[in-house]
Amino acid sequence: MPIRVHNTLSRTKEEFTPRDSGKVAMYVCGPTVYNHIHIGNARTFLTFDVIRRYLTYSGYDVRFVQNITDVDDKIIARAAEEGREPAEVAAEYTLAFRQAMDALGVERPTVAPKATQTIPGMIAMTERLIERGHAYVVDGDVYFSVRSFPEYGKLSGRNIDDLESGARVDVDERKQDPLDFALWKAAKPGEPHWASPWGEGRPGWHLECSVMSEEELGVAFDIHGGASDLIFPHHENEIAQSEAATGQPFVRYWLHGGLLQVNAEKMSKSLGNFMLLKDVLERYPAPVVRLLMLQTHYRSPLDFSTDRLDEAGRSYERLVTPLRNLEWAKRNRAITERADATRSAIEALECTPVTARDAFAAAMDDDFNTAGALAALFDLVRVLNTFLEQYGIGANARYAARLDEAADVLRDLLGVLGVSTADAARADEYPSDVLPLARDLAGYAGSDTRAAVEALLTARTVARTERNWAAADAVRDGLERLGFTIEDTPSGARVTFRGGGQAPWPT
RNA sequence: GGCGACGUCGCCAAGUGGCAAGGCAGAGGCCUGCAAAGCCUUUAUCCCCGGUUCGAAUCCGGGCGUCGCCUCCA
């Protein structure tokens, strides 16, 4: 089944046909490295990470290019505030950006060019534009002439005259038209600068994306992504300069993500209501953050709050619990076939690898409907749970293999969404707080925390055998306060440590 | 003022002409010493008013409300 994508240029869903069969060339606008990225930035990068992963899962060879804007007004301003060199500021936040993306589980780009390493290409494109009559020089600045490009406005659905009537910012008298934008800026004293045919200067904002994408992907590459606030003027200007310079279409499919909001308002630097990704990741595991964002379609606005993160945490638990339960059942060879076990539970288990993959793909093929894809995974979870409930691992190897197959599908498809299941089994590094508890309740005198927990569980088992519920519950409640959960299963008590004295999210 | 998006169960959310997915929360039941996890059951005619259609949450018109872009912004 073909993949369909919403193309901002046509405002409709179109069948996705890449330029070169089997290959996808995509470009996503990267960060300006003047600060840590915020959670809104993260949403956009996450969106395109999942799109890239799904295209790869679908069999495409994806070449993914993302710029690093490391020379810009905001970087210069920040450096001036802090009495540092712009390059130093850019280097610091470039590193921070990569670390944050790694922490979120975003795959690295195939290529991540920096603006400062693309200067010759930007100068060359500016020269091309001047030659073709699309740009003009004024006092060391070079401006693109929007009037020279008749199709200006086709992406954002505006026309030049409407834009000018709504203009409310000071007009630079040196521009031929108020909408003309800088391709090259003459450097002011103290600013980073490079030699150019128009004097010492630095590139304008939009230019790098046009140059890098053409160098790395060629023109009329497949997918250009970014958040919807980049449609105008950024992407509109990219189209103008690229198509004016090459005389060819720039991009086949424009994909734009919805903005993240806080309290139903746009989160932005200027409103000051933003949260940094790194701060959120200190409090919530990456899979939970990803899950929250993937529960909403990528083009819709998404309201972000800790309440919703907590909710996503519970959803994550539901998705990974069957994997934990299956491992536990296998380790204990738990076969709990019940008298009322049903034939349909077996049939569902047999069908689920295929039905889950089909439903997942059908949702994702429809403009990357991750919410629908998740629904397919929750259905798979129910099938697994139901089978485990009724049969355990099953009385013969045939079902054990079926269970493994279903679990593999679940892990694989969660992987396409970049939702790691690795955290699900973490249970090491018990806190030393268990030692006094074990001494008081189990008479354990050693210093090995794992042995202490074992002693506590043994004491609890003994107490339960003696029907001494108060003593048994003292162990469970004591451990609960330290971040452990005890669950009694047909194969004995299972203890899960969720970390710290405080659970990463309420359980 | 110009352009655009959205309004679906308590909360979140999918669904673009044919009996309204899913998650969270709630209720009842099963299981449990009690729990936890899990299973089963249970909760909507889709902002309002018109229209098109055999049939609309889905198409058209109007209204109300929310949000975004038009200025750096993911």
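Numbers restart at 1 for each chain; the letters A, B, ... are given by sequence-line order, proteins then strands.
A straight line from CH2 of A/Trp328 to P of B/A36 spans 18 Å, rounded to a whole angstrom. Distance, A/Glu480 CD to B/A37 C1': 13 Å, rounded to whole Å. Rounded to an integer number of Å, the gap from A/Asp365 CG to B/A14 C1' is 16 Å. The CZ-P distance, from A/Arg299 to B/G68, rounds to 19 Å in whole Å. The CG-C1' distance, from A/Leu294 to B/C12, rounds to 14 Å in whole Å. Rounded to whole angstrom, the span from the CG atom of A/Asp340 across to the P atom of B/C31 amounts to 10 Å. A/Asp488 places its CG atom 8 Å from the C1' atom of B/U32, with the value rounded to the nearest Å. Atom P of nucleotide B/G2 and atom CZ of A/Arg158 are separated by 14 Å, given to the nearest angstrom.
Among the atoms of the strands shown, base atoms are found under 4.0 Å from some heavy atom of A/Asp473. When heavy atoms are screened at a 4.0 angstrom cut-off, A/Ile486 is found touching base atoms of the nucleic acid. Using a 4.0 Å heavy-atom criterion, one finds that A/Arg460 contacts the bases of the nucleic acid, with or without backbone contacts as well. Across all strands, A/Ser228 comes closer than 4.0 Å to no nucleic acid atom at all (heavy-atom distances). If you check every strand for non-hydrogen atoms under 4.0 Å, A/Leu260 touches a base. Backbone-only contact: A/Gly157 has heavy atoms under 4.0 Å from sugar-phosphate atoms and none from a base.
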A/Arg52/A/Glu107 under side-chain contact (heavy atoms from CB on, under 4.5 Å): CA gap, chis, key distance, verdict: CA-CA 9 Å; A/Arg52 174 208 197 162; A/Glu107 290 187 347; 3.6 Å; yes
Applying ring-ring contact (aromatic ring centres under 6.0 Å, His included) to A/His36 and A/Tyr93, what does each step give before you reach the verdict? CA-CA 6 Å; A/His36 294 283; A/Tyr93 292 112; 5.1 Å; yes
Take A/Asp141 and A/Lys175 through the salt bridge (Lys or Arg N to Asp or Glu O under 4.0 Å) test and state the conclusion after the steps. CA-CA 10 Å; A/Asp141 290 345; A/Lys175 292 185 190 176; over 6 Å; no
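Between the A/Glu236 side chain and the A/Leu155 main chain, a donor and an acceptor come within less than 3.5 Å of each other.
Regarding contacts with the backbone of B/C39, a side-chain N or O of A/Asn385 is found under 4.0 angstrom from either OP1 or OP2. Phosphate proximity of B/G2 to A/Asn159: absent, as no side-chain N or O sits under 4.0 Å from OP1 or OP2.
In a base pair of the Watson-Crick type (N1 to N3 plus N6-O4 or O6-N4) or a G-U wobble (N1-O2 and O6-N3), with each distance short of 3.5 Å, B/A44 is matched with no nucleotide. Using Watson-Crick or G-U wobble geometry with both donor-acceptor distances under 3.5 Å, B/G61 finds its partner in B/C49. Figure legend. B/C19 is base-paired to no nucleotide; pairs are counted as Watson-Crick or G-U wobble with both atom distances under 3.5 Å. For B/C24, the paired nucleotide is B/G10, the pair qualifying as Watson-Crick or G-U wobble because both relevant distances are below 3.5 Å. Searching all strands for a Watson-Crick or G-U wobble partner of B/C30 with both distances below 3.5 Å returns B/G38. With both pairing distances under 3.5 Å, B/G1 is matched to B/C70 as a Watson-Crick or G-U wobble pair.
Stacking of A/Trp469 onto the six-membered ring of B/G33 is present: less than 5.5 angstrom between centres, less than 30° between planes.
For A/Arg158, there are no salt bridge (Lys or Arg N to Asp or Glu O under 4.0 Å) partners two or more places apart in sequence or in a different chain.
Under a cutoff of 6.0 Å and an axis angle of 45°, A/Arg78 and A/Tyr34 do not form a cation-pi pair.
Contact of A/Arg43 with B/A74 (side chain to base): no donor-acceptor pair of N or O atoms is detected under 3.5 Å.
Distances from the side chain of A/Ser300 to the nucleotides B/G68, B/A14, B/C34 place B/A14 closest. Of the candidate nucleotides B/A37, B/A14, B/A74, B/A74 has the atom lying nearest to any side-chain atom of A/Asp229. Nearest to the side chain of A/Phe232, among B/G33, B/C69, B/A74, sits B/C69. Listed nucleotides B/G15, B/A74, B/C39 differ in distance to A/Glu389; the shortest reach to its side chain belongs to B/C39. The side chain of A/Thr386 sits closest to B/C39 out of B/A35, B/C39, B/C67. Listed candidates were B/C70, B/A74, B/G38. Nearest to the side chain of A/Thr321 is B/G38. Listed nucleotides B/A36, B/C12, B/A14 differ in distance to A/His297; the shortest reach to its side chain belongs to B/A14.
Ring centers of A/Phe45 and A/Phe97: under 6.0 Å apart, within the cut-off. For an aromatic pair to be called close, the ring centres must be under 6.0 Å apart, and A/Phe64 with A/Phe48 fails this.
Distance check on atom C1': B/C48 versus B/U8 gives 15 Å, rounded to whole Å. Nucleotides B/U66 and B/G28 are separated by 38 Å at their P atoms, to the nearest Å. Nucleotides B/U16 and B/C6, compared at atom C1', are 14 Å apart to the nearest Å. Across the P atoms, B/U43 and B/A35 are found 26 Å apart, a figure rounded to whole Å. Between B/U53 and B/C60, the two C1' atoms lie 12 Å apart (nearest whole Å). One C1' atom belongs to B/A27, the other to B/C69, and the distance between them is 45 Å to the nearest Å. Spacing between B/G26 and B/G62 at atom C1', rounded to whole Å, works out to 39 Å. To the nearest whole angstrom, the two P atoms, one in B/G15 and one in B/A21, are 14 Å apart.
A/Asn41 places none of its side-chain heavy atoms less than 4.5 Å from the side chain of A/Leu277.
The residue among A/Gln390 and A/Arg467 whose nearest nucleotide of RNA chain B lies closer to the 5′ end is A/Arg467. With the nearest nucleotide of RNA chain B identified for both A/Asp303 and A/Thr44, A/Asp303 has the one nearer the 5' end.
Side-chain polar atoms of A/Asp303 and A/Ser305 form no donor-acceptor pair below 3.5 angstrom.
Listed by first then second residue, pairs satisfying salt bridge (Lys or Arg N to Asp or Glu O under 4.0 Å) with a partner in residues 35-50 of chain A read A/Asp49-A/Arg53, A/Asp49-A/Arg290, not counting sequence neighbours.
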Per-nucleotide protein contact string for nucleotides 22-27 of chain B, where B marks a base within reach and S marks sugar-phosphate only (heavy atoms under 4.0 Å, - for neither): SBSS--
